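Data first, discussion second: the structure below is written as structure tokens.
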Amino acid sequence: MRAAAPHPGPEGPVSVLTRRAEFLAAARAFRQGKPGFALQGRPRGPGEAPEGIRVGFTCSRKVGNAVARNRAKRRLRAVAREVLPGEGRAGWDYVLIGRPGETAARDFAALCADLRAALASVHAKAAAR
RNA sequence: GCGGAUGGCCGGACGGCCGCGAAGGCGACUUCGAGGAAAGUCCGGACUCCAGGGAGAAAUGGCGGCGGGUAACGCCCGCCCGGGGCAACCCGAGGGAAAGCGCCACAGAAAUCAGACCGCCCGCGGCUCCGGUCGCGGGCAAGGGUGAAACGGUGGGGUAAGAGCCCACCGCGCUGCCGGCAACGGGAGCGGCACGGCAAGCCCCGCCAGGAGCAAGGCCAAAUAGGGAUCGCGCGGGGCUCCGGCCCCAGGGCCUCUCCCGCCCGAGCGGUCCGGGUUGGCUGCUCGAGCCUGCCGGCGACGGCAGGCCCAGACGAAUGGCCGUCGGCGCCCUGCAAAGGGCGUCACAGAAUCCGGCUUACAGGCCAUCCGCGCGC
């Protein structure tokens, strides 16, 4: 998954966050809550890889046992694959955070709509800064 | 048919579109990709590193009927004993209480080499309505009552009343006999009853066990200094010499202790602490006490042989997302019924070095064997 993203959208390939420091940096930047999940977004600074969209997923113990956490992560991954290549911005890191119950139960189309709205909101916050 | 006991199995199926991980291929692409518990991390191992090897001891922890299976086990199988059930079958930390210490509450007269409350019997005396009753002395422990448990139980003889006082059976102890590999079982003789429970209290006996864990460990690349503090022991002797050293002996060090062996140091060695570093990649990493089928041995756990098969290896962590058809279950509707339709629902749970077990969780369903009762033949 780290390797090739065979789904290049207008903003370039999507790759995955793997380092703890990158997650912490995203958490300090912009965020937007939604019923099915919460979104954190951060434009990468100078000195970091400038190309492509990167995304990470977080489901804490609060989401449930291992089965529930895996399911929530997989649905978020499917949503990200659907939306990010078109709506995400190159040079940004995004982190999707799962919620107990809702992430697994909410309708898939609604989750996609949530992500589009959350992306617009985060990008607007960055522009206003 | 109803009720029950035991053992085992499955735990959704098929397809479409878009994806993920691994292996192979120049490529198009092909193949493979979660569980019975992957879980809890409770036991047992393999593997790796650390401690120099062996023997013994101590400490600590674990195990505990007997025999067998296994790499091993606290697991499994068979059997024995005790308890429960009409039965199939189930349950049992099931060694030692005449090595010692300790504890047995409450109740009760008395709780361990105990005791006489009510009571039973005899004698004497008083009273008497002649049935008894009271007092004193003596004998006794059958009956009542307490308790988890009362110097063994039941029955008979015996006696003033009683008592293993005597007898039979049972129990207990001792001795030898027979059956069994053994746990143990059977019957015989003797004793005349004396030796209560708790060892998931200490303890004793037998057996087992070094420590840490795949974030083990190894390689590469960066990075770092070949540091500092402190403590213990010791800073001796002899020989050879080409003057660089070499050899021998004291002495010191190396598993908690002792002994033996071995190794190292021999003017340093060893212990502890501080400082520095603790990231990235590769490897370990999946062919194994492996799985399937058949035959043979065994009551069985299991073992042997032959043939076939390759069956996840991720690391912010793949095995998915969205649909369709079918199926199971529940409810409702139509219908005499067969059947049809609608809605809802489909558990517990996700590999992380790998095996063998145990334990716990689990919607729904299936199979086999056995027992009891009822009915039919």
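In this text, all values refer to a predicted model and were calculated from it rather than measured experimentally. The sequence lines fix the lettering, A, B, ..., with proteins before strands; numbering per chain opens at 1.
Here the separation of B:rG19 from B:rA301, taken at their C1' atoms, is 49 Å to the nearest Å. Comparing the same atom, C1', in B:rC273 and in B:rG281 gives a spacing of 35 Å after rounding to whole Å. The C1' atoms of B:rC63 and B:rA199 are separated by 16 Å, rounded to the nearest whole Å. Across B:rA55 and B:rC265, the matching C1' atoms stand 27 Å from one another, rounded to whole Å. Across B:rC249 and B:rC231, the matching P atoms stand 34 Å from one another, rounded to whole Å. For the C1' atoms, the distance from B:rG284 to B:rA216 is 10 Å, rounded to whole Å. Distance check on atom C1': B:rG236 versus B:rA250 gives 8 Å, rounded to whole Å. Spacing between B:rU279 and B:rA267 at atom P, rounded to whole Å, works out to 43 Å.
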query: Step by step, would you call A:Val79 with A:Leu96 a side-chain contact (heavy atoms from CB on, under 4.5 Å)?
result: CA-CA 10 Å; A:Val79 169; A:Leu96 288 164; 5.6 Å; no

message: Determine whether A:Ile97 and A:Gln40 satisfy the following criterion, side-chain contact (heavy atoms from CB on, under 4.5 Å), listing intermediate values before the conclusion.
response: CA-CA 8 Å; A:Ile97 301 168; A:Gln40 299 172 338; 3.4 Å; yes

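For the pair A:Lys73 NZ and B:rC20 C1', the interatomic distance rounds to 14 Å; values are reported in whole Å. Distance CG (A:Leu76) to P (B:rA318): 13 Å, rounded to an integer number of Å. For the pair A:Asp93 CG and B:rG316 P, the computed distance is 16 Å after rounding to whole Å. If you measure from atom CD of A:Glu82 to atom P of B:rC18, you get 13 Å, rounded to the nearest angstrom. Rounded to a whole Å, the CZ atom of A:Arg69 is 17 Å from the C1' atom of B:rG320.
Pairing partner, B:rA160: none, since no Watson-Crick or wobble contact has both distances short of 3.5 Å. Pair assignment for B:rG176 gives none, since no Watson-Crick or G-U wobble pairing has each distance under 3.5 Å. Remark: B:rG192 base-pairs with no nucleotide; criterion is Watson-Crick or G-U wobble with both hydrogen-bond distances under 3.5 Å. B:rG374 makes up no base pair with any nucleotide shown, lacking Watson-Crick or G-U wobble contacts both under 3.5 Å. In a base pair of the Watson-Crick type (N1 to N3 plus N6-O4 or O6-N4) or a G-U wobble (N1-O2 and O6-N3), with each distance short of 3.5 Å, B:rC348 is matched with B:rG35. For B:rG119, the paired base is B:rC140 (Watson-Crick or G-U wobble, both distances below 3.5 Å). B:rG61 and B:rC208 make up a base pair, with Watson-Crick or G-U wobble contacts both under 3.5 Å. The partner of B:rC282 is B:rG218, judged by Watson-Crick or G-U wobble contacts that both fall below 3.5 Å.
Residue pairs that meet the side chain to side chain donor-acceptor pair (under 3.5 Å) test with at least one member in residues 67-76 of chain A, sequence neighbours left out, do not exist here. The stretch residues 95-112 of chain A participates, sequence neighbours left out, in these salt bridge (charged side-chain N to carboxylate O under 4.0 Å, His left out) pairs: A:Arg106-A:Asp114.
Nucleotide B:rC136 carries an anti base; the chi torsion (O4'-C1'-N9-C4 or O4'-C1'-N1-C2) is more than 90° from 0. Anti is the classification of B:rG340, since its glycosidic angle lies more than 90° from 0. Glycosidic conformation of B:rA34: syn, with the torsion inside 90° of 0. Base orientation of B:rG36: syn, since the glycosidic angle falls within 90° of 0. B:rG244: glycosidic angle within 90° of 0, hence syn.
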Check residues 26-33 of chain A and write down every donor-acceptor pair under 3.5 Å in which the side-chain atom is one partner and the other belongs to a residue at least two apart or another chain.
from    : atom 1 : to       : atom 2 : distance (Å)
A:Gln32 : OE1    : A:Ser121 : OG     : 2.7
A:Gln32 : OE1    : A:Lys125 : NZ     : 3.4

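Here the side chain of A:Asn70 is nearest to one of B:rG350, B:rC18, B:rA318, namely B:rG350.
Side-chain contact check for A:Val95 versus A:Leu39: every heavy-atom pair is 4.5 Å or farther apart. Residues A:Val55 and A:Leu84 form a side-chain contact, since some pair of their non-hydrogen atoms from C-beta on lies under 4.5 Å apart.
Each of A:Asn65 and A:Cys59 was matched to the nucleotide of RNA chain B holding its nearest heavy atom; the match closer to the 5' end belongs to A:Cys59. Mapping A:Ala66 and A:Arg74 onto RNA chain B by nearest heavy atom places A:Arg74 closer to the 5' end of the strand.
By the stacking rule of 5.5 Å between ring centres and under 30° between planes, A:Phe57 does not stack on the base of B:rG316.
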Listing time: all N or O pairs from protein to nucleotides 322-324 of chain B that are below 3.5 Å?
from    : atom 1 : to      : atom 2 : distance (Å)
B:rC322 : OP1    : A:Arg75 : NE     : 3.2
B:rC322 : OP1    : A:Arg75 : NH2    : 2.4

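When all heavy atoms of A:Val63 and A:Gly98 are compared, the closest pair comes out as CG2-O, 3.8 Å. Here the shortest heavy-atom pairing between A:Arg44 and A:Trp92 reads NH1-O, 3.2 Å.
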